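Note that the structure is predicted; figures quoted are calculated from it, not measured.
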Amino acid sequence: MKKLTKLKKLFLGILVLTTSFVMGQVNISGTVSDTNGETLPGVNVIISGTTQGAVSDIDGNFVIENVEDGTYIIQASFLGYASVDSNVEVTGSDVTLDIVMNEDTESLDEVIITGVVNPRSKIESSVSITTMKPKTIVESAPRTTAEIFRTLPGIRSESSGGEGNANIAVRGVPISSGGSKYVQLQEDGLPVLLYGDIAFATSDIFTRFDANVARIEAIRGGSASTLSSNAPGGIINIISKTGRVEGGSIATSFGLDYNSFRTDFDYGSRIGEDLYFHMGGFYRVGEGVRETGFTANNGGQFKLNFTKDFKNGYVRVYGKYLNDKAVAYLPMPMKVTGTNSDPDWGDAPNFDATTGSLHTSNLTQNVGLGGDGQLRRSNVADGMNPISTSVGFEASFDLGNNWKVRNNGRYSSNKGAFVSPFPAEVASASTIAESFGTGSTLSFTDGTSVADNSLVARIHMFDVELNNFNNFMNDFKLSKSFGNVDVTLGYFKAIQDISMSWLWNSYLQEVNDDNARLINVFDSASNPLSDNGLYAYGVPFWGNCCTRNYDTQYNVSAPYANVTIEASEKFTIDGSVRYDKGRVDGSFAGTVQTEFDINNDGFISVPEQDVSAVDTANPTAVDYDYDYVSYSLGLNFKIQDNQSVFGRYSSGASAKADRILFSGLDYLDGDRINALDFIDQAELGYKRGFANGAIYATAFYAKTREEGGFEATSNSIIENDYKSIGVELEGYYRFNNFNLRGAITYTDAEVNSGDNKGNTPRRQPDLIYNIIPSYNFGTTKQNAVGLSFIGQTKAYAQDTNELVMPGFMIVNGFVNVGITKDLFVNLSANNIFDSIGVTEVEEGSITEGQDNYVRARPLPGRSMSLALQYRF
């Protein structure tokens with residue numbers, strides 16, 4: 001009996017000791033983020049004086065397992081941020097520790113997630129990538145999302161079109177059809193639209209920068225061709241906040257010298273155990289930076305996401321609603337004198353190139369036959385009106401045994417409109433009148449005669465209904481680490497609907513930036529040929545080309561694979577391959593002329609005798625396939641912890657969508673469709689971090705092979721091959737409270753085929769640059785002042801290389817003052833010196849020795865805004 005009692009006591013003692021030991025082995029977990037609430041992956045979190053620790057994952061989460069009871073100092077370190085020490089006491093239960101890190105320098109060694117299969121630091125990646133955070137973005141005083149992209153090295157963003165409709169190119173790769181044909185614009189890792197150059201529905205129209213944005217990552221060349229469809233030139237990824245650090249902001253801004261009012265807000269927080277949310281958006285209303293005669297910008301955006309953390313990963317659901325009307329600035333009249341090689345650019349009579357617009361309160365409605373043959377009316381004030389409702393699901397898990405899985409999927413319901421006046425011709429009143437027949441005359445709608453020498457614009461109202469641009473995107477990745485070899489297999493699936501109707505009419509109006517008057521035309525017998533300025537239901541000046549409708553669907557499947565080999569502690573090799581297969585079906589229909597009483601007055605006027613309508617009786621069937629293989633090979637050698645060199649060769653393609661539904665091809669035979677354009681690229685780069693800064697230098701080569709695609713503004717098929725060679729320099733340096741950042745890109749590009757072989761591609765400057773100095777001051781350095789110098793050297797208007805568009809420099813500035821700890825006021829000025837910067841011209845040459853009036857897109861002139869922001 002005594003032996004049994006002793007045995008019980010022994011077992012009880014062992015049980016107590018075992019329980020105490022088990023209870024003493026707990027976990028320290030949490031999230032690492034910066035002061036803006038942006039989570040930081042790749043942060044080393046260790047227990048001071050030991051080797052025990054963890055590295056934060058892609059969402060900033062870390063777990064230090066099996067920690068015994070005691071008091072510890074937890075150290076968090078990350079290149080580019082000041083180290084953080086936190087005292088932690090472990091007493092038998094799990095500990096949660098959230099760490100906030102202050103930015104130390106603008107390090108080029110932070111972890112990136114764009115253009116790589118797994119998060120890597122910049123210094124260890126063999127790609128050229130730039131990260132922009134909200135604080136950096138504000139310094140260039142941008143007015144639109146496209147203006148943000150102007151400060152990215154290697155990226156040429158022609159931001160003269162307003163909040164959308166920007167032309168975006170990279171490294172001398174041409175802008176041959178508008179939009180961002182070779183650069184994929186993404187939100188949170190998925191394309192906004194599958195194709196970046198859809199006519200009148202470019203990706204940036206459906207994208208807005210607001211307080212939800214944590215950062216923007218932009219990759220040029222590199223592995224972009226294998227990690228996203230239709231992105232051989234690069235990827236610009238707009239990444240949202242996730243609310244892992246509680247806080248938010250509310251800001252109100254308004255134009256000081258232009259009509260605009262906008263409110264932005266965001267807030268994020270932990271709302272439960274390992275559960276977080278973030279929401280935010282904006283609403284704005286106003287005329288905009290150019291005078292239109294009506295409220296041209298009106299609408300907003302709301303975004304929301306929830307994230308649930310698990311021990312081995314996370315799940316996130318997110319959504320977006322965007323309904324924003326933004327004015328679209330198309331080319332406008334400018335006067336050019338001198339010679340083609342040395343022109344003098346300035347304002348046309350009665351029209352200021354930096355503040356004027358062809359919009360007028362006298363032309364706000366456009367009426368005609370819709371895509372279904374029925375009467376319809378559009379509002380010119382709708383401008384670019386994207387309406388998008390998106391829901392998405394993202395999950396990432398560590399499956400154990402070095403297996404990881406990640407999936408990101410999103411469905412978007414997209415529709416909207418694009419309505420804006422395009423000047424098909426700018427000429428004297430006598431020239432315009434003569435085009436309607438000998439002896440024809442012009443009069444304003446009030447009966448006043450139009451002087452023969454006054455300027456008149458022949459307006460084609462670009463009126464496009466974006467009926468259905470719904471899409472589904474899903475990107476799945478499965479990764480396995482085999483020691484020093486990482487293998488990733490992925491599968492991208494996308495379905496993109498493209499359904500739109502082009503319903504264009506023709507008008508005459510005076511060239512005047514102050515509510516231009518409409519003009520009627522009369523034949524030699526004084527019979528009216530127009531009605532209240534409208535002379536055609538269609539565009540007969542362009543051969544009635546453009547009343548049309550198409551309903552197509554693009555179904556793309558793209559498996560891909562990546563292998564990364566850490567050959568040594570310093571040397572890394574990675575290679576990737578992707579196979580894109582597209583299935584296209586649907587139909588499109590062109591124009592048919594008919595007679596129709598549009599205004600229902602019982603009388604057929606001259607314009608109503610020949611009305612353009614969609615030829616619904618004779619659609620063209622579309623049913624073809626396309627496929628292509630992309631590949632990329634990169635090498636990175638880490639010379640030191642803060643210094644590396646890399647090299648990469650890539651080959652990829654971008655598929656066309658609606659741009660080929662014009663040219664009379666065999667749309668039932670994929671082998672005879674001009675569906676693909678190809679880019680081969682090579683690059684060699686050097687990265688160096690300093691105590692107070694960093695620098696990138698990348699030499700690049702690109703060769704582009706294009707098939708024919710239709711360009712609406714020139715009503716022509718564009719087909720050329722191109723090559724370019726150049727170098728990008730990007731850097732940052734901080735000296736005490738003075739900061740200097742900038743980027744310079746030199747490009748030697750040329751057309752490599754056709755009649756213009758050897759010429760420089762249109763609108764491509766040799767040099768683009770941005771230099772942004774700033775200075776912080778105040779007792780807690782809460783105040784800042786800075787300038788940005790953004791510009792380029794001369795470029796040619798067209799591939800023929802006759803008319804020169806002069807180089808320009810736009811100077812912006814900002815002053816940020818902290819009124820209290822959390823209340824800030826910001827004064828920003830864009831284009832301080834009201835400089836003329838021409839980004840696009842329809843004409844290719846002028847007649848020397850006389851006044852010429854061309855149609856161009858100049859950058860907006862000086863604008864000043866004031867904002868008040870409260871952070872909480």
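- The minimum heavy-atom distance linking P421 with I459 is given by the pair CB-CG2, 3.6 Å.
- Taking the charged nitrogens against the carboxylate oxygens, K241 and D266 do have a contact shorter than 4.0 Å, which makes a salt bridge.
- For the residue pair R156 and Q764, the shortest heavy atom distance occurs at NH1-OE1, 2.7 Å.
- A cation-pi contact, defined as under 6.0 Å to the ring centre and within 45° of the axis, links R458 to F541.
- We find that R284 and D324 are joined by a salt bridge, their nearest charged nitrogen and carboxylate oxygen being less than 4.0 Å apart.
- Aromatic rings of F462 and F422 (six-membered ring for Trp) have centroids within the 6.0 Å cut-off, being under it.
- When all heavy atoms of P331 and L358 are compared, the pair lying nearest together is O-CD1, 3.5 Å.
- With hydrogens and angles disregarded, a donor-acceptor distance shorter than 3.5 Å links the side chain of T793 to the backbone of L767.
- Both cation-pi conditions hold for R871 and F824: the charged atom is under 6.0 angstrom from the six-membered ring centre and inside a 45 degree cone around its axis.
- Taking the six-membered ring for Trp and the full ring otherwise, F200 and W504 have centroids separated by under 6.0 Å.
- Smallest separation of non-hydrogen atoms from P333 and V511: CG-CG1, 3.9 Å.
- Between K335 and D347 the shortest heavy-atom distance is CB-O, 3.5 Å.
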Checklist entry - side chain to side chain contact (heavy atoms under 4.5 Å, CB included) between L868 and L823: does it pass, once the steps are laid out? => result CA-CA 7 Å; L868 190 67; L823 184 64; 4.1 Å; yes
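- The pair R762-E840 does not count as a salt bridge, with every side-chain nitrogen at least 4.0 angstrom from each carboxylate oxygen.
- With respect to the salt-bridge test (charged N to carboxylate O, under 4.0 angstrom), the residues E139 and R741 qualify.
- N515 and S361 share a donor-acceptor pair across their side chains, judged by distance under 3.5 Å alone.
- Here the shortest heavy-atom pairing between Y769 and Q792 reads CE2-N, 3.7 Å.
- N212 and S240 are not linked by any side-chain donor-acceptor pair at a separation below 3.5 angstrom, with hydrogens and angles left out of the test.
- Checked by atom type, the side-chain pair D799/N759 shows no donor-acceptor distance below 3.5 Å.
- At least one cation-pi condition fails for R857 and Y329: the charged atom is not both under 6.0 angstrom from the six-membered ring centre and inside a 45 degree cone around its axis.
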